[in-house]
Every structure is written in C-alpha cells, then in structure tokens.
Protein chains: 2
Amino acid sequence: MDELDSALVTLLQRDARQTNRELARALGIAPSTCLERVRALHRRGVIVGHHAKVDLSRIGRPVQALVAVRLRPPNRPVIESFQQFVTQLPETLSVFVVSGAEDFLIHVAVRDTEHLHAFVLDHLTQRREIADVRTSVVFQHMHKPVAEPLPGRSAPSDRRGRGGYGGPDGDGR
Amino acid sequence: MDELDSALVTLLQRDARQTNRELARALGIAPSTCLERVRALHRRGVIVGHHAKVDLSRIGRPVQALVAVRLRPPNRPVIESFQQFVTQLPETLSVFVVSGAEDFLIHVAVRDTEHLHAFVLDHLTQRREIADVRTSVVFQHMHKPVAEPLPGRSAPSDRRGRGGYGGPDGDGR
DNA sequence: GATGAAACAACCACGGC
DNA sequence: GCCGTGGTTGTTTCATC
C-alpha cells in the first residue's frame, strides 16, 4: 500500500470506468504495470466492488429519512434477527448498528412522506422487540464519493510480523 | 423508465463493470440496443456515476462513528457554512442534514478511537456555532449496494429540472 | 426504436529488462 | 517489479428494417 496504490484507490473511487490506459497515463506508469497494481488491490480486498450510483429521486424515491430504533432486550439474538429483517426491506438503504441511546439507525428512501409513515407503522412498529422509534427526515445527504487514506499517518505499508489485519501481501507470485 | 430500464439500473448498481455484452445477454436484447438504453440512463441523470467501493479497514480507517450535532442558531447561513466545513474534512464520509433534535449527522471513518476523539475535540467543538455533540460508535454498517425502484408504483418517467440534492454534480460520461 | 456487421480501441498474457 | 508487443475481445458506428 504505497503512494501509487493510494492514488489508484482515489482515482477509482472517483470514476470506476476509466480505462486502464487513462489510469496509467494519469500516474505516469505503463498500462501493464497499472493493470497489475489494480488487480493486486482487488486480490488484497482493498477494492471490493464497482457500483453504479443512481439518483434516488429519479427512480421514484425522493424522500429520505433516518429511523433510530431502540430494541428490548438489546441482546445478540434480538439485534441480529432485527438487523437481518430490516436489511431485507426494500425501503432500506443502509443499516447502522451503533452504540449510544439507540441500537439501530436505518437509512431509508421512500416515495413520499405517506410511504414513510406506512413504513414505520406497518413494518417497524409491528415488531414486538422495538422499544422506541425516532424518525428524522433527511433534508440533504452529501455523500463523499472518495474515501482517501488519511493524512498524518499512512496505512500500514508492509510492516511484517505485526498483527494488523491478516497480512494482505501474502502471495509471492 | 420502463421495466427494462429498471432491470438495467439494478444490474449496474450490483456490478458496474459488466460488459455491455453481458448486460445485453442477461436481458435478452441486442448489445447495441442495450448500449443506447444505458446511455439514455446517463443522459437523463438516473445514473450519476460509477465508483469503486473500498474496504475502509484496509486503507487505515477501521473505526466508524456517527456524530450528531446541534447548531445555534440553526438558520441558513450557519447550517450551510457548517455543512461546507464538515464536508471538506478528510475524516468525513457523508453528511446528513436532518430534522429533529439534531441538525447534522456526520458519518466519519478514522484510524482509531483516539483519532475519533481528536476529530471531535480539535475539529468540531472548536466551531463556535456548535451547541451540542453526541458521538455514537458504529459497530456494523450494512450498506445495500442496490436501490431498486420501489414496488407498488412506478417512477416518474422523466421529470427534469429537479435539483436532487445540490451535491457533487454527476460526471457525464 | 431495435438489429447485425465492420472499423476501431482497449484489454491481457507473455517475454525481456 | 516494471515495461513493450501481439493476439484477443469488447466497444462503437453505421446502414437497414
């Protein structure tokens, strides 16, 4: 995970459909080299997928909300079963399991406020393990497409013997 | 936005790097037809970009948190200036402007809990407009890669002029 | 709009440095 | 580990229905 990998990760997050040639030219390296680096990033699990991003308001889901949920009792079986349940609902975009006053935060996108209300009443509060629900409408959602390796300290490059995360650079091919 | 467009949107969200041939074959249409449909989705702003997804823990940012912030006074200049400020911080992944007890919800990914603490103390609470901060550690974050057009009612065909959220404009491609 | 064929460009494995 | 080249594949355009 050197400087070059970081640059590749940033560029591919910004636009996953650049051709390998464009990438190589942007970094000043040969296309074949670039290709191998990108493949290594996939092999090591740094890049986990490529997804098209859609405008939710243009697929009939212009209203977003965050629904905070507290469960009772908040033990593992209850948490895990609820998580699985809520993940599979079509309105759900993403699910946070969090510490603090609430246990879950559910990010949903729906057709309109009526639909939102129905979601909470007909899907959520029907579950008996729910102790509390707090719904916040999302006025704006700014999502940064690029998550850069943080400044001030680089990601562990190749410190061997360290118990970090599974020593990605294992295969010596 | 017919049944075919919906299928394309779903498939491209799942994997943006499928070749046009694969897409066409999956839908049972000719590659050239498929290409034109996909282009139309871009033109109409349904698909706004293609982004590689990275494993945050593998780029040195394994700890995530949600930081709820209440501002004072919560008027437009204060909200907008704070939003711009917090969006540009490197720790920030996404920013929700919400209704309810708090005004902002900031999703951050950091190196460790010490870094999280420093983020809150050195970046956020330094701003004078902040009335309250509540930090929740994220134990799990399940993100659904695919947002399907919701069942029960089809999406508006092509209503133009709506500004979505004034965020980063799609890179036309 | 959808289709098929031909020009064009990109990808990818290989051998050499 | 990085680079250039040749065979292969996919994309893109155009004429046609």
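A note on names: the letters A, B, ... follow the listed sequences, proteins ahead of strands, and every chain is numbered from 1.
Side-chain contact between A:Leu11 and A:Leu27: present, with at least one pair of heavy atoms (C-beta onward) separated by less than 4.5 Å. Contact annotation: the side chain of B:Leu56 approaches that of B:Leu93 to within less than 4.5 Å [non-hydrogen atoms, C-beta and beyond].
Within the 3.5 Å criterion, the main-chain N or O of A:Glu148 finds a donor-acceptor partner in the side chain of B:Arg61. Without hydrogens or angle criteria, B:Lys144 side chain to A:Glu91 main chain gives no donor-acceptor distance under 3.5 Å.
Listed candidates were C:dT3, C:dC11, D:dT11. Nearest to the side chain of B:Asn20 is D:dT11. If you check C:dT3, C:dC12, C:dC11 against the side chain of A:Leu35, the one that comes closest is C:dC12. Nearest nucleotide to the side chain of B:Ile29, out of D:dG4, C:dC11, C:dT3: C:dT3. Distances were taken from every side-chain heavy atom of A:Arg21 (C-beta onward) to each of C:dA2, C:dA13, C:dA10; the shortest belongs to C:dA10.
Rounded to whole angstrom, the span from the CD atom of A:Glu3 across to the P atom of D:dC2 amounts to 14 Å. In this structure, A:Leu27 atom CG and D:dG1 atom C1' are separated by 16 Å, rounded to whole Å. Between the CZ atom of B:Arg37 and the P atom of C:dT3 there is a distance of 10 Å, rounded to whole Å. Residue B:Arg25 contributes atom CZ, which lies 15 Å from atom P of C:dT3 at whole-angstrom precision. If you take CD of A:Gln18 and P of D:dT11, they are 17 Å apart, rounded to a whole angstrom. Rounded to an integer number of Å, the gap from CZ of B:Arg17 to C1' of D:dG10 is 13 Å. The separation between B:Glu36 atom CD and C:dT3 atom P is 13 Å, rounded to whole Å.
Between B:Arg39 and D:dT13, a side-chain N or O to OP1/OP2 separation shorter than 4.0 Å is present. The shortest distance between the side-chain N/O atoms of B:Thr33 and the OP1/OP2 oxygens of C:dT3 is below 4.0 Å.
B:His42 and B:His50 form a side-chain donor-acceptor contact under 3.5 Å, judged by distance and modelled atom types alone.
If you check distances only, the side chain of A:Ser32 does reach the base of D:dG4 with a donor-acceptor pair under 3.5 Å.
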